[in-house]
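Reading through the structure tokens given below for one structure.
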Amino acid sequence: MTIVFVHGVPVTSAVWTPLISELPKSQQQDVVRLSPPGFGAALPADFGATFLDYRDWLIDELSQLRTPVDLVGHDFGGGYVLEVAMARPDLVRSWISDTIGGYEPDFTWHEIAKTWQTPGDGERHIEEAFSGDAAERTARMISWGIPEPAAGEVALGQGPEMTSTRSVTGGCFRTRPGPPACCRTSGTACSTSGSHRS
């Protein structure tokens, strides 16, 4: 059975390395790591980078695999997992997410997310957070709780695309839906390709 891991913002699929290494060898060969556009995978010029665009990207990626899959999501990747589980349950055998609290009506964003949602401040924070060379970014990832060597792998993937205001502040953080997909109408589906798989 395929196990699909979808990471969040602002990391790369390398964040899953410590967890995947704990799986039995027989399960490790069934792992697919998907990197959302702009976060380890190319950000297509025509990609809207809204929360629903990311959900539709994940639906497109899963549709290319042998389904149903076991789907694991972290951070914003966890939100995409929840949205897919509601919109296309046929693609999912099981799912887990660490962000279900974000669907509570009184959910409060963490301080960094609040900053990223603030025009001007969000762009400045992104530039500062991903400035410096790979060693400085590695130290920052370690301070955020990512262990070595995964922190170094994540830092290497934090390039100019990840600091795009369209992929972070102009997209998913400012367009995060309120109620779950089953409680609202959605716009036109957008699908892309070009994800990172390992």
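The shown structure was predicted, so the numbers you read here are calculated from the model rather than taken from an experiment.
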Would Ser94 and Asp70 count as having a side-chain donor-acceptor pair, cut-off 3.5 Å?
->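 Side chains of Ser94 and Asp70: pair found under 3.5 Å.
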Heavy atoms, side chains only, cut-off 4.5 Å: are [X] and [Y] in contact?
{"X": "Glu83", "Y": "Tyr103", "value": "yes"}
{"X": "Phe76", "Y": "Pro36", "value": "no"}
{"X": "Val9", "Y": "Trp116", "value": "yes"}

Hey, does the side chain of [X] reach the backbone of [Y] with a donor-acceptor pair shorter than 3.5 angstrom?
{"X": "Asp98", "Y": "Asp75", "answer": "yes"}
{"X": "Tyr54", "Y": "Pro37", "answer": "yes"}
{"X": "Glu128", "Y": "His125", "answer": "no"}
{"X": "Ser97", "Y": "Gly78", "answer": "yes"}

Can you list, pair by pair, the side-chain donor-acceptor contacts under 3.5 Å of residues 140-157, counting residues two or more places apart and other chains?
residue: Arg140; atom: NE; partner: Ala129; partner atom: O; Å: 3.3
residue: Arg140; atom: NH1; partner: Ala129; partner atom: O; Å: 2.4
residue: Arg140; atom: NH1; partner: Ser131; partner atom: O; Å: 3.3
residue: Ser143; atom: OG; partner: Arg140; partner atom: O; Å: 2.6

Show your working on side chain to side chain contact (heavy atoms under 4.5 Å, CB included) between Arg33 and Ile20 and close with a plain yes or no.
-> CA-CA 10 Å; Arg33 299 186 215 193; Ile20 292 168; 3.5 Å; yes
For Leu23, look at atom CG and say whether over 12 heavy atoms of other residues, nucleotides or ligands are found less than 6.0 Å away.
->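 Atom CG in Leu23 is packed in, count exceeds 12.
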Should we say atom CD1 of Ile100 is surrounded by more than 12 heavy atoms from elsewhere, each under 6.0 Å from it?
->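 Open.
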To the nearest 0.5 Å, how far apart are [atom1] in [X] and [atom2] in [Y]?
{"X": "Thr118", "Y": "Glu123", "atom1": "OG1", "atom2": "CD", "result": "9.0 Å"}
{"X": "Ile3", "Y": "Leu71", "atom1": "CD1", "atom2": "CG", "result": "11.0 Å"}
{"X": "Asp56", "Y": "Tyr80", "atom1": "CG", "atom2": "OH", "result": "11.5 Å"}
{"X": "Ile59", "Y": "Leu91", "atom1": "CD1", "atom2": "CG", "result": "7.0 Å"}
{"X": "Thr2", "Y": "Gln29", "atom1": "OG1", "atom2": "CD", "result": "10.5 Å"}

For the residue pair Phe39 and Ser35, what are the closest heavy atoms and their distance?
->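 Reported closest heavy-atom pair: O-CB, 3.4 Å.
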Would you mind listing every ring-ring contact (aromatic ring centres under 6.0 Å, His included) that reaches into residues 12-32, with sequence neighbours excluded?
->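 Qualifying pairs, neighbours excluded: Phe5-Trp16.
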Could Glu127 and Arg124 be called an ion pair, given the rule that one side-chain N must be under 4.0 Å from one carboxylate O?
->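 No, no charged N to carboxylate O under 4.0 Å.
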Kindly indicate, with the supporting measurements, whether the criterion side chain to side chain contact (heavy atoms under 4.5 Å, CB included) is fulfilled by Leu82 and Arg55.
-> CA-CA 9 Å; Leu82 287 164; Arg55 179 210 58 195; over 6 Å; no
Qualifying residues under salt bridge (Lys or Arg N to Asp or Glu O under 4.0 Å), relative to Asp90, sequence neighbours excluded =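 Residues passing salt bridge (Lys or Arg N to Asp or Glu O under 4.0 Å) with Asp90: Arg88.
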Look at the side-chain heavy atoms of Ile, Leu, Val, Met, Phe, Trp and Tyr, link any pair under 4.5 Å apart, and say whether Leu34 and Met1 land in one connected group.
->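 Per the 4.5 Å side-chain linkage, Leu34 and Met1 are not co-clustered.
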With hydrophobic residues grouped by side-chain heavy-atom distances under 4.5 Å, do Val6 and Leu65 end up in a single group?
->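 Yes, it is one cluster - the side chains of Val6 and Leu65 are joined through contacts under 4.5 Å.
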